[in-house]
Protein chains: 2
Amino acid sequence: MKEHDDLKKTGLKATLPRIKVLSIFEKNKDKHLSAEDIFKIMLRSDDEIGLATIYRVLTQFEQSGILIRHHFESDKAVFELNEKDHHDHIVCLQCGFIQEFVNEEIENQQKLIAKKNGFNIIEHALVIYADCTKNPCSCKLGGAENIAKCHKLT
Amino acid sequence: MKEHDDLKKTGLKATLPRIKVLSIFEKNKDKHLSAEDIFKIMLRSDDEIGLATIYRVLTQFEQSGILIRHHFESDKAVFELNEKDHHDHIVCLQCGFIQEFVNEEIENQQKLIAKKNGFNIIEHALVIYADCTKNPCSCKLGGAENIAKCHKLT
DNA sequence: GTATATGCAAAACTTTTGCATCCTT
DNA sequence: AAGGATGCAAAAGTTTTGCATATAC
């Protein structure tokens, strides 16, 4: 089982809750999920889990490098798989849609800035808050399937 | 009174709590303060205020463009005066010291990226998380006055 | 005088923790 | 079998809200 082996590689015991949480992220590679999102997804598929366990597992996964934690503009943290290919985010303020991007020039400038100011970069977070109305955003297209695409839950 | 007039300009009634909160930000132009920071500062100077009022005032100030809200890596929001000169932040993970910076090249690249992806930028947040040990960070220098400089309260 | 703002307490919401029980190795 | 992981409930931390009272204009 893929998730089972991935967990063992990081030194974590392959328990059912951990396997379940990891597989949800594998099935939602393009999504940014909160603890509550995970909880709701598992409730809907009749998987028993406690919210406290989810918080513990998410923190462990972040520490072992499996997940990345983001704060974006809201009070609650969201997580995504750490695919090693660093990227930044554009967040649509209307529907929450998240577009990922990379830009070498920005990466380089950051290194120069840190060096000039005497800092060692540990990591960074660049979030552009925007409207995707011109895109157009899925919400504007209407229809349950688009609203679903637009928001976070699967 | 400066704060009084500034408030009237934005259409807000110039009440005592609002004037007090605004003047704290004026006195701490280089700091990023949380609701609780404000609360503690006012307690120390014997100004009566409720925490709920601080939260309401901070939100109103943000909406009227007086303050900017940041989330950085922690759970609690921090605010700073909106000086109109946009800048980004380097946050020291060891002591919380915050260095501001601007970089035109990064600003331009963001505009290009948004355009290419069909988004209207509303705003953006770039935070570099780093160690300022090489700086060296005030905490490392020791001494109460440096620790104080390093952290947020005034 | 009237509408709005404040203070307090209670509630809402996210996240953490203590502890008895269960599961992985 | 033993140690770590889970679930539940309770707590902690941040932010919001209801309502009676106070304040600005």
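Below, chain A is the first sequence line, B the second, and so on; all start at residue 1. Side-chain atoms are counted along with the backbone in the values below, which use heavy atoms only and exclude waters and symmetry mates.
- Considering B:His87, B:His71, B:His70 as possible partners of B:His32, the one that fulfils the ring-ring contact (aromatic ring centres under 6.0 Å, His included) test is B:His70.
- Using the six-membered ring where Trp is involved, A:Phe97 and B:Phe119 have ring planes that are parallel, under 30° apart on the 30 and 60° scheme.
- Within the structure, every side-chain polar atom (N or O) of B:Lys8 is placed at least 4.0 Å from both OP1 and OP2 of D:dA24.
- For the pair A:Asp47 CG and D:dG7 P, the computed distance is 11 Å after rounding to whole Å.
- Axis angle across the helix from C:dG1-D:dC25 to C:dT25-D:dA1, with five pairs used at each end and values rounded to 10°: 40°.
- Close to D:dT14, at under 4.0 Å from its OP1 or OP2, lies no side-chain N or O of B:Ser34.
- Distance CG (B:Leu16) to C1' (C:dG7): 14 Å, rounded to an integer number of Å.
- Nearest nucleotide to the side chain of A:Pro17, out of C:dC8, D:dG7, D:dT15: D:dG7.
- A straight line from CD of B:Gln60 to P of D:dT17 spans 13 Å, rounded to a whole angstrom.
- Note that CG of B:Leu51 is 11.0 Å distant from CE of B:Met42, once rounded to the nearest 0.5 Å.
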### Task
Check step by step if salt bridge (Lys or Arg N to Asp or Glu O under 4.0 Å) holds for A:Asp5 and A:Lys9.
CA-CA 6 Å; A:Asp5 297 342; A:Lys9 263 180 244 160; over 6 Å; no
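- Following rounding to the nearest Å, A:Ile49 (CD1) and C:dC22 (C1') show an atom-to-atom distance of 15 Å.
- For B:Val57, counting side-chain heavy atoms from C-beta on, the closest listed nucleotide (D:dC25, C:dT15, C:dT6) is C:dT6.
- Taking CD1 from A:Ile68 and CD from A:Glu62, the interatomic distance works out to 9.0 Å, rounded to the nearest 0.5 Å.
- Checking C:dT24, D:dT15, D:dT17 against every side-chain atom of B:Ala77, the shortest atom distance belongs to D:dT15.
- Of the two residues near DNA chain D, B:Ala35 and B:Leu12, the one whose nearest nucleotide lies more 5' is B:Ala35.
- Around atom NZ of A:Lys116, no more than 12 heavy atoms belonging to other residues, nucleotides or ligands sit under 6.0 Å away.
- Protein atom CG of B:Asp37 is 15 Å distant from nucleotide atom C1' of D:dT15, rounded to whole Å.
- The shortest distance between the side-chain N/O atoms of A:Lys13 and the OP1/OP2 oxygens of C:dT25 is not below 4.0 Å.
- Other residues, nucleotides and ligands contribute more than 12 heavy atoms inside 6.0 Å of the CD atom of B:Glu26.
- For the pair B:Leu51 CG and C:dG7 P, the computed distance is 11 Å after rounding to whole Å.
- Residue A:Leu22 contributes atom CG, which lies 16 Å from atom C1' of D:dA5 at whole-angstrom precision.
- Put simply, B:Arg18 has a side-chain N or O that comes within less than 4.0 Å of OP1 or OP2 on C:dA5.
- For D:dT15, the OP1/OP2 oxygens have a side-chain nitrogen or oxygen of B:Tyr55 closer than 4.0 Å.
- Computed from coordinates, the B:Lys20 NZ to C:dT6 P distance equals 14 Å when rounded to whole Å.
- The aromatic ring centroids of A:Phe72 and A:His89 lie less than 6.0 Å from each other.
- Between the base of D:dG4 and the side chain of A:Arg56 there is no donor-acceptor pair shorter than 3.5 Å.
- Checking B:Asp75 against B:Thr53, the closest nucleotide of DNA chain C that is more toward the 5' end is the one next to B:Thr53.
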